[in-house]
Protein chains: 2
Amino acid sequence: MATIYDVAKAAKVSPKTVSRVLNGDAPVGKKTRDAVNAAITALGYVPSNAARMMRSNKSGLVGLITGAISDTIEPAQPAGLPELLLVRGIQQTIGLTGKTLMIADSGNRSERVPDLIKTFLEHRVEGLIYVAPYHQNVRLPPVPDDTPIVLTNCFDEIGTPAVIPDDRRGQHDLVARLIAAGHQRIAYLTLREDIVATGLRRNGYREALGEAGIAYDPALVQCGEIGSPETETQVLWTAIDRMLNLSQPPTVFCCGNDRQALKVYGILRSRGLAVPDDISVAGYDNYRVIAETLYPPLTTVELPYTAMGVRAAQRLLELFSGEGRNDAGTDVVGGPVYWRQSVTERRPPNVSQLKLVRED
Amino acid sequence: MATIYDVAKAAKVSPKTVSRVLNGDAPVGKKTRDAVNAAITALGYVPSNAARMMRSNKSGLVGLITGAISDTIEPAQPAGLPELLLVRGIQQTIGLTGKTLMIADSGNRSERVPDLIKTFLEHRVEGLIYVAPYHQNVRLPPVPDDTPIVLTNCFDEIGTPAVIPDDRRGQHDLVARLIAAGHQRIAYLTLREDIVATGLRRNGYREALGEAGIAYDPALVQCGEIGSPETETQVLWTAIDRMLNLSQPPTVFCCGNDRQALKVYGILRSRGLAVPDDISVAGYDNYRVIAETLYPPLTTVELPYTAMGVRAAQRLLELFSGEGRNDAGTDVVGGPVYWRQSVTERRPPNVSQLKLVRED
DNA sequence: TCCACCTATGACATCGGTGTCATGACATCG
DNA sequence: CGATGTCATGACACCGATGTCATAGGTGGA
């Protein structure tokens, strides 16, 4: 690989002059500049980042640690790739600044993380972003103070800057929309009890019911994800069966995610129920491959992965420039409800609401 | 950030001795070694890759260019993330060698690719891998001869080493299995006519029919992806309708991908047909979130993304070590058929085959 | 006309590691 | 006992950029 000395020799100038042409940080005579550029092209010269970095002590690198690229053996998400939208958001935002994103994959094996961090530190990354595959509490190994870090889709208990989804509000907004559409008996099939999102979303569900003056009925809330993935369909079937046999059965099923909603479509249809004519279904995530492709398309809430990625990258950039907020707090990012054809508007109980529906 | 000189001073040795401790490339007395290690820990010293790289001229970096992380506005794949499995396979394989993978995202905007390549060259990557979002013909900007490059999920016309999926064989194997299960009237809903996979897979389809002595009936092959994504459902509905109204209607629908199969499930059920009791469905890709979650689970062929990623990385490593084959040819990677509950075994026409089914 | 000043350019040191070679202290062997 | 070899360590140069400072040549104002 040609060096700046080769170029200098070919152009019959000093290396420093070549450097000036490259960086434009000092005036260079036109004739000289042309000669240098010609030599650069002729030799196919590309400056070495390593040498530049040594001198300037600026790597222009941002490190991203994720398990998203590797397989998650998570019962909840056998192929949970959508969190890669997070990476997309981060990439977009970091790319705009001219910095380069280095991505390392932990394979969700936390014991590998320290090694990845070490590699990044060897490359003198200017900052780190850690992305979790789903909303969770984490504890990262220590990182030197002068390397800022932002957690994404996760948080810790020592106040590291973090960006997480607004699970409470997402579920709240969805349920509020269902109520506005005339639904009163709203079933909720939750994800596993031990994940962070489940509790937050149930809060949002209860809150929305409370605001509408609808009593919370525990019989309408069941976990749809107990035990191993193999038994999942059976668990769902049982839960749905139990709720449909209530004296006041639900008119809509809210699912823990779009994948679960996909299963629920199949189960309901096997029971001879048409979606949405006989019963409505809503999901969570706005996992587009499912939500848009399902027939009929699925009403759901967006888990705002891309927006979270953008936000995380912005926070890191703020930390670089020292604008970083001192509170070192957690950003909560909400996502919109996507209203599609899997939920019917139910005939509302009084005339004023009927009018509303007509306008809609 | 502490340097090797700081460590040397703290441990009262020369920088070179610290280097020896770090790399273990020459014997160091135990007492000295302990002192050096203590100093390293005390100072939180992490060696600078840039400095190391300058001297050794080995970056330990591999560059990966992909559009997979960014949004593809492809009618065929509104959220086609599964090709990220490719990245996973590459990451795994490269990681084993101790090299670091740098990932850059072209956002599928080919005009950005030269810039990304330049950035990688500045970092002195030892090799490049280009990943396309779907099987296609590409033309990359030139790369210096001393930087090996491997194309993945794509190929070019100048013989660059490439790894592509075996679309022909995949479809062939699936159709052969369907025939073995007793199906004779096999409908095929294809992807867009202009993509590489469509032609290859149709060849596989015809080949399998031919081997079984079944005549090819053009009425059973229809494109399921014409026009814009919005009209896709309508197009599918029409194509399915036409085929079901044939005097000899199909007993199974082969779909261009699992997403299409998901739509087909909905359409068939809307027509009152149960899958698989009334009609069978098969997909392509083994996009697990869909194939495993659908009810009933979907019979499909794996598009072997992970295996292709592994293979691509291996080929690059071979090029590093000079073992690279001179033919600079294209590797074709096949994937297995996943037989799930969306296809029924049909009563075979004679007794000997009936026996076979019983054993199964 | 001479000095001050600006422009264009080059010499040299430096960043943080590592390769090469030299050196001093012992151990081994004839 | 001296020659030879091995071990542990250090001095120094070098990788390829760029920051600092110096300098040659030209220009303008007093």
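Not measured: the values here are computed from a predicted model. All chains are named by letter (A, B, ...) in the order of the sequence lines, taking the proteins before the strands, and each is independently numbered beginning at 1.
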> Has B:S19 got a side-chain N or O lying under 4.0 Å from the OP1 or OP2 atom of C:dT18?
Replying inline: yes

> More than 12 heavy atoms of other residues, nucleotides or ligands under 6.0 Å from CG of B:D145: is that the case?
Replying inline: no

> Within this structure, what is the CG-to-C1' distance between A:L43 and D:dG16, rounded to whole angstrom?
Replying inline: 15 Å

>> From CE of A:M53 over to P of C:dC15, roughly how many Å is that when rounded to an integer?
In response: 17 Å

>> Can you tell me which nucleotide in C:dC15, C:dT9, D:dG19 comes closest to the side chain of A:T17?
In response: C:dT9

> Expressed in angstrom and rounded to an integer, what is the separation of A:M54 atom CE from C:dA13 atom C1'?
Replying inline: 12 Å

> With nearest nucleotides of DNA chain C determined for B:V18 and A:A51 from heavy-atom distances, which residue corresponds to the more 5′ nucleotide?
Replying inline: A:A51

> Out of C:dG19, D:dT18, C:dG16, which nucleotide sits closest to the side chain of A:Y5?
Replying inline: D:dT18

>> In whole Å, I'd like the distance from the CD1 atom of A:I4 to the C1' atom of C:dC15.
In response: 15 Å

>> Could you tell me how far apart B:K58 (NZ) and C:dG16 (C1') are, to the nearest whole angstrom?
In response: 20 Å

>> Side-chain N or O of A:S14 versus OP1/OP2 of C:dG10: is the shortest distance under 4.0 Å?
In response: yes

> If you take atom types as modelled and just measure distance, does the side chain of A:R20 reach the base of C:dG10 with a donor-acceptor pair under 3.5 Å?
Replying inline: yes

>> I want to verify a distance call: between D:dC15, D:dA8, C:dG17, whose nearest atom is closest to the B:T32 side chain?
In response: D:dA8

>> Quick check for you: to the nearest 0.5 Å, what is the distance between B:T32 atom OG1 and B:K30 atom NZ?
In response: 10.5 Å

> Of all heavy-atom pairs between A:L128 and A:F120, which one has the smallest distance, and what is that distance?
Replying inline: CD2-CD1, 3.4 Å

>> Does B:D25 reach a base, just sugar-phosphate, or nothing at all? Heavy atoms under 4.0 Å.
In response: sugar-phosphate

> For B:D6 and C:dC15, what is the distance between atoms CG and C1' respectively, to the nearest whole Å?
Replying inline: 13 Å

>> Determine whether a donor-acceptor pair (N or O, by modelled atom type, separation under 3.5 Å) exists between the side chain of A:D6 and the backbone of A:T3.
In response: yes

> Should A:N49 be listed as having a side-chain N or O under 4.0 Å from OP1 or OP2 of D:dA17?
Replying inline: no

> With B:F320, which residues qualify under side chain to side chain contact (heavy atoms under 4.5 Å, CB included), at least two apart?
Replying inline: B:V62, B:K99, B:E126, B:P148, B:L316, B:L317

>> Just the rounded figure in Å: distance from P of C:dG17 to CZ of A:R52.
In response: 21 Å

> To the nearest angstrom, how far is B:K12 atom NZ from D:dA8 atom C1'?
Replying inline: 19 Å

>> With a 4.0 Å cutoff (strictly under), does any side-chain N or O of B:S56 reach OP1 or OP2 of C:dT18?
In response: no

> Want to settle it: does B:K30 or B:N57 sit nearer the 5' end of DNA chain D, counting the closest nucleotide to each?
Replying inline: B:K30

> So which of A:N153, A:T330, A:V333, A:D331 actually passes side chain to side chain contact (heavy atoms under 4.5 Å, CB included) with A:I164?
Replying inline: A:T330

> Do A:R311 and A:Q314 get their side chains close enough for a donor-acceptor pair, meaning under 3.5 Å?
Replying inline: yes

>> Is there a side-chain contact between A:R55 and the phosphate of C:dT14, meaning an N or O under 4.0 Å from OP1 or OP2?
In response: no

Do any N or O atoms of the protein come closer than 3.5 Å to N or O atoms of nucleotides 4-7 of chain C, and which pairs are they?
none

>> Run the salt bridge (charged side-chain N to carboxylate O under 4.0 Å, His left out) test on B:R20 and B:D25 for me, step by step, so that the C-alpha distance in whole Å, both residues' side-chain angles and the decisive distance to 0.1 Å come before the verdict.
In response: CA-CA 6 Å; B:R20 280 191 265 255; B:D25 54 355; over 6 Å; no

> Hey, are the side chains of A:T160 and A:I158 touching, using non-hydrogen atoms and a 4.5 Å cut-off?
Replying inline: yes

> Does the B:Q91 side chain pair with the main chain of B:G89, one donor and one acceptor, at a distance under 3.5 Å?
Replying inline: no

>> What's A:N23 touching, base or sugar-phosphate or nothing? Going by heavy atoms closer than 4.0 Å.
In response: sugar-phosphate

>> Given 3.5 Å as the limit, does a donor-acceptor pair link the side chain of A:R55 with the main chain of A:R52, or not?
In response: no

> Which nucleotide sits closest to the side chain of A:K16: C:dT20, C:dA11, C:dG16?
Replying inline: C:dA11

> Looking at five pairs on each end of the helix from C:dT1-D:dA30 to C:dG30-D:dC1, what is the angle between the two axes, given to 10 degrees?
Replying inline: 50°

